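Below, chain A is the first sequence line, B the second, and so on; all start at residue 1. Predicted model, so just to flag it, every value in this text is computed and none were measured.
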Protein chains: 2
Amino acid sequence: MLELVLIKLGGSLITDKNQPYTARLETMQKLVEEISLLSKQNPSLKLIFGNGAGSFGHQSAHKYNTINGIFCDADKLGFCLVHQDVLDLNILLAKCFLQAGLPVVSLPPLTMAVTQDKKLLKADFSIIENSLQAGLIPLVFGDVVLDKIIGGTILSTDTLLAELAKYFHIQRNYQVKLINVGNYPGVYDQNMQVIPHITPANYSQIKAVIGKSDSIDVTGGMTQKVEEFLAISGLGIDCWIIDGNISGNLIKAVLGQPTLGTLIRAF
Amino acid sequence: MLELVLIKLGGSLITDKNQPYTARLETMQKLVEEISLLSKQNPSLKLIFGNGAGSFGHQSAHKYNTINGIFCDADKLGFCLVHQDVLDLNILLAKCFLQAGLPVVSLPPLTMAVTQDKKLLKADFSIIENSLQAGLIPLVFGDVVLDKIIGGTILSTDTLLAELAKYFHIQRNYQVKLINVGNYPGVYDQNMQVIPHITPANYSQIKAVIGKSDSIDVTGGMTQKVEEFLAISGLGIDCWIIDGNISGNLIKAVLGQPTLGTLIRAF
């Protein structure tokens, strides 16, 4: 069975969420170096990356309330501005990958997904699949998408990666792992301690104590993330929430070695 | 019948083809101002833009010989570098549109087309169609695409716009016009005089006297452009080759007023 690892580089990790349009280039470069090493040591490993928008996406998205639809000319311009903003960050990241010699292609979700009242209606992942087969590394991101009911909305990186994980696991029979690399050590309980292991069985207890994200994020906080990951963990897809600031931690999670963070799995 | 105008902004117009990675921002801004005026005066007019890569695309494309396929790791990286280079220029242009208040969305051809030994095999234009219907202005560009035989190649803006023109004319019943806005007054004869009118009937005579482009262009010069336009003119799609440096000329071509340049049509 082919192995596929989907890696989300969180907006809070690769940008300064409190400073509009401010990337953390050094953090990006450090992560890309690790990934480059991993990739060279495991040439058959298939990887897909997604990045959050952090302080690039959320400014215009808030101003134009893009998540709730596009109805007037200002909304339409706003939709395009949000797309451009998230693309700006994505391109900074893509260039880090390219400078490290990794064949990364930036693929905007706008071109592959359509929603219906904010829920994913249709997705065509053929360009991602064809890119993987051609030996390239697809890079997606949280993006605006067209919506059949409200004209347009925002599709988060988390939702997109969860859909991709399901697609490659169910329809393409890959062994899939999803790793969320953030600016936090994992899922916190009420005492700011990392919860090491979340399962459907213990989630009802855990839900009440999950700490809330304190930054602007139009696409939902930690609870939504955990619930999206729980839903796919039931299919046999292990999901990690780890700290991208801990050197070597991402490699460990990819390789299945003991990792600091929260593991979300079916049992 | 709905009217659709496809406008190519040539690489030789919006970049300095002799200076690598050098955009002509003032030229872009001037053109975008004209288009903004046109768009406000004709709000029902549907527009699709495409831009050539000029001195942004052709450097890496030559270095890695991307048009002839991707076979080794260096080719794969080259493919991604070309994509990033053409995207860089496209984004500069997209930002000019956005600054002028036009809701332009950049849509990479890589995500919508697949070739077979350099010939277009499959194209899915639904994102372009859906964007138009949502009141947005699609912006495409000459891009790398995946190829079923040689792994990857380059699809020129001219070929893509010609395909889009055919698609919207034949399958969607639009009245379509295609305008190529370049850094030259039209198609030159051997005496550097503009040929005002090319038809299938006079082309055999004209072919021998068409001047050759003297800049780097991996995707073909004027002869290929004229032949692609002639092929679609037979369907009832008028094609203009005009000078983007002449103020007001683009608006005239769009509105069907007397225009300086070369008109390619069926009769």
Mind running side chain to side chain donor-acceptor pair (under 3.5 Å) on S36(A) and S39(A) for me, showing each step along the way? CA-CA 5 Å; S36(A) 175; S39(A) 189; over 6 Å; no
Evaluate side chain to side chain contact (heavy atoms under 4.5 Å, CB included) for R172(A) paired with E129(A), printing each intermediate quantity in order. CA-CA 10 Å; R172(A) 292 297 180 262; E129(A) 201 166 356; 2.3 Å; yes
Quick check: do L4(B) and L132(B) have side-chain heavy atoms less than 4.5 Å from each other? yes
Does any backbone or side-chain atom of D147(A) lie under 4.5 Å from a heavy atom of chain B? Answer side chain, backbone, both or neither. neither
Contacting moiety of L98(A), where chain B heavy atoms sit under 4.5 Å: both
Please state whether the side chain, the backbone, both or neither of L77(A) comes within less than 4.5 Å of a heavy atom of chain B. both
Engaged part of F97(A) at the chain B interface, taking heavy atoms whose separation is under 4.5 Å: neither
With chain A as the partner, which of V114(B), D88(B), I70(B) has the greatest number of non-hydrogen pairs under 4.5 Å? D88(B)
Counting only heavy atoms closer than 4.5 Å, note whether V104(A) contacts chain B via side chain, backbone, both or neither. backbone
Interchain contact, I91(B) with chain A, by part (heavy-atom threshold 4.5 Å): both
Check the pair L45(B) / V254(B) against side chain to side chain contact (heavy atoms under 4.5 Å, CB included), numbers first and verdict last. CA-CA 10 Å; L45(B) 185 68; V254(B) 172; 3.7 Å; yes
Could you walk me through whether T66(B) and D75(B) satisfy the side chain to side chain contact (heavy atoms under 4.5 Å, CB included) test, starting with their C-alpha distance in whole Å, then the side-chain angles of each, then the deciding distance to 0.1 Å, before giving a yes or no? CA-CA 7 Å; T66(B) 305; D75(B) 291 347; over 6 Å; no
State, with a plain yes or no, whether a side-chain heavy atom of S55(A) is found less than 4.5 Å away from one of N18(A). no
Identify which of L107(A), L110(A), D124(A) forms the greatest number of heavy-atom pairs closer than 4.5 Å to chain B. L110(A)
Can you confirm whether more than 12 heavy atoms, excluding those of E26(A), are under 6.0 Å from its CD atom? no
Could you tell me which portion of D73(A) (side chain, backbone, both or neither) has an atom closer than 4.5 angstrom to a non-hydrogen atom of chain B? neither
Quick one: do E33(B) and K30(B) make a salt bridge, cutoff under 4.0 Å? no
With a 4.5 angstrom heavy-atom cut-off, which part of S131(B) approaches chain A: side chain, backbone, both or neither? both
Of the backbone (N, CA, C, O) and the side chain (C-beta and beyond), which part of L102(A) lies under 4.5 Å from a heavy atom of chain B, both, or neither? backbone
